Structure formats: C-alpha cells, structure tokens
Amino acid sequence: MKRRHSLSCLALLSIVLSAPGCGYHVAGRADLLPKSIKVIAIPGFQNATMRYKLAERLPGAVTREFLSRTRYDIVSDPNAADAILTGAVVNYFAYPTTFDPITNRAAGVQASVTLQVTLQERATGKVLFTRPSMQIRERYEISVDQRAYFEESDTAMERLSRDVARSLVSAILENF
C-alpha cells in the first residue's frame, strides 16, 4: 500500500514539474509589449490645468519606474525610440475632506487627477496602450496651526506622481 502511494506521489510530482506554465505571473512582472520595442520615448506631458508641477514631474516618475522594473531604454526624443508614450494632465481637482473643529479650517485635502495616456509604436503608428481617462487620487493633511504650517501639497504631488507611474507602468506591461 505504501509503495503504491509513493508511486502515485512521484507520478503526480513528475507531471506537475513537466507541465507547461499555466500563465500565472507575479503582478508587475509581465511584459506583453511586442518584442520589437526596445526603446521608449517619454517626452514631456501636456497640461490643461493650473497645476503645473504635476505635469513636469510625471515623465520623470514614469521614466524611473520603467527603468527600475523593465529592460527598456528610456529616452525623451521620440525620433530615437521604437515606441512613444504621450500623456496629458487634463483635470486636477482638490477639495477638503476634513476640517479642524476649532478653527473650521480644512485639515485634510483629497486631490484627484485625470490623465490621458497613449503608448504608440513609432514605425507603424499602432496604439499599444491607451487610457483616455486615467484617474489617480492622493490625500494629504494641512496643518491647522499657522505657526507650524507646512505646505504639504508639493509632497503630495510627488507621491501622486509615483503612484501614477507605478499604476501606469503596471497597466502598460500587463495590458490591462
């Protein structure tokens, strides 16, 4: 009885080990872009809002994310690339979420950003990825004490840029 059980276990183990991959992968590690893409251009993002620093930060954040997670070379010149990632910040909206009960001033703010992003193969013009309305949100605190006031919105925009980069690169690589 033990011998037959051992043989069954060995047979099952050999089947599992010799079976082809089942298609599962660790999130953020897939790469579903065409193999012909080796260099991606990430020029400056356009900005249709009054929030100028965010559009300036996004290309750098996306570049850092691509470099840290992929094999692609990243350039800013579209003529030197196999694919071009274009983006635009189309909406920025911030509103208070919490208020100080004593002063009635805003103590927390929710920022919401809407982007348009497209990755296009340069040679053929084929759209490899597009998000016409990608939304990202970031919450940050505001000091209610005027003497200890520290402007947190720039730090929040830096975090927001990193969140956008992480989400965008994952979406592109996994073709969500």
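Note that the structure is predicted; figures quoted are calculated from it, not measured.
- Using a 4.5 Å heavy-atom threshold, the side chains of T97 and R139 count as touching.
- For the pair F45/T86, no side-chain contact is recorded, criterion being any heavy-atom separation below 4.5 Å from C-beta on.
- Considering all non-hydrogen atoms of both residues, A83 and L128 come closest at CB-CD1, 4.4 Å.
- Nearest approach of A55 to N47, heavy atoms of both residues: CB-CB, 3.6 Å.
- Here the closest non-hydrogen pair linking L115 and V89 is CD2-CG2, 3.6 Å.
- Here A80 pairs with V75, D77 under the side-chain contact (heavy atoms from CB on, under 4.5 Å) rule; sequence neighbours left out.
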Full working for side chain to side chain donor-acceptor pair (under 3.5 Å) between R69 and S170: CA-CA 9 Å; R69 291 178 50 187; S170 292; 3.0 Å; yes
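- In plain terms, the two heavy atoms of S161 and A61 that are nearest each other are O-CB, 3.6 Å.
- Atom NZ of K38 is separated from atom CG of L33 by 11.5 Å, given to the nearest 0.5 angstrom.
- In this structure, R64 and F66 have side chains that are not in contact, with every pair of non-hydrogen atoms separated by 4.5 Å or more.
- T49 is not listed as a side-chain neighbour of V90, based on a closest heavy-atom distance of 4.5 Å or more.
- Note: I172 CD1 to E65 CD = 10.5 Å, rounded to the nearest 0.5 Å.
- Side-chain heavy atoms closer than 4.5 Å link hydrophobic residues (I, L, V, M, F, W, Y) into clusters, and following such links, even through other members, never connects V39 to I84.
- Taking NZ from K53 and CG from L160, the interatomic distance works out to 14.5 Å, rounded to the nearest 0.5 Å.
- Smallest separation of non-hydrogen atoms from P43 and P78: CG-CG, 4.4 Å.
- L58 places a side-chain heavy atom less than 4.5 Å from the side chain of V164.
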Candidate pair N91 and V113, rule side chain to side chain contact (heavy atoms under 4.5 Å, CB included), full reasoning: CA-CA 6 Å; N91 194 9; V113 178; over 6 Å; no
Chi angles and distances behind the side chain to side chain contact (heavy atoms under 4.5 Å, CB included) call for Q120, K126: CA-CA 6 Å; Q120 190 171 17; K126 178 182 175 188; over 6 Å; no
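- Atoms CE and CD1, on M134 and I136 in that order, are 4.0 Å from each other to the nearest 0.5 Å.
- Residues satisfying the salt bridge (charged side-chain N to carboxylate O under 4.0 Å, His left out) criterion with E121, sequence neighbours excluded, are absent altogether.
- Within a 6.0 Å sphere centred on CD of Q135, heavy atoms belonging to other residues, nucleotides or ligands number more than 12.
- With respect to V62, the side chain to side chain contact (heavy atoms under 4.5 Å, CB included) criterion is satisfied by exactly one of I40, V117, V169: V169.
- Alongside Y95, the hydrophobic cluster contains F93 (criterion: ILVMFWY side chains under 4.5 Å).
- When all heavy atoms are compared, the tightest approach of L67 to Y72 is CD2-O, 3.8 Å.
- The shortest distance between side-chain heavy atoms of T130 and L119 does not fall below 4.5 Å.
- Residues L85 and T118 have side chains not in contact (no heavy-atom distance under 4.5 Å, counting atoms from C-beta outward).
- S112 places none of its side-chain heavy atoms less than 4.5 Å from the side chain of E138.
- Side-chain N or O atoms of R131 include none that pairs as donor or acceptor with a backbone N or O of Q116 at under 3.5 Å.
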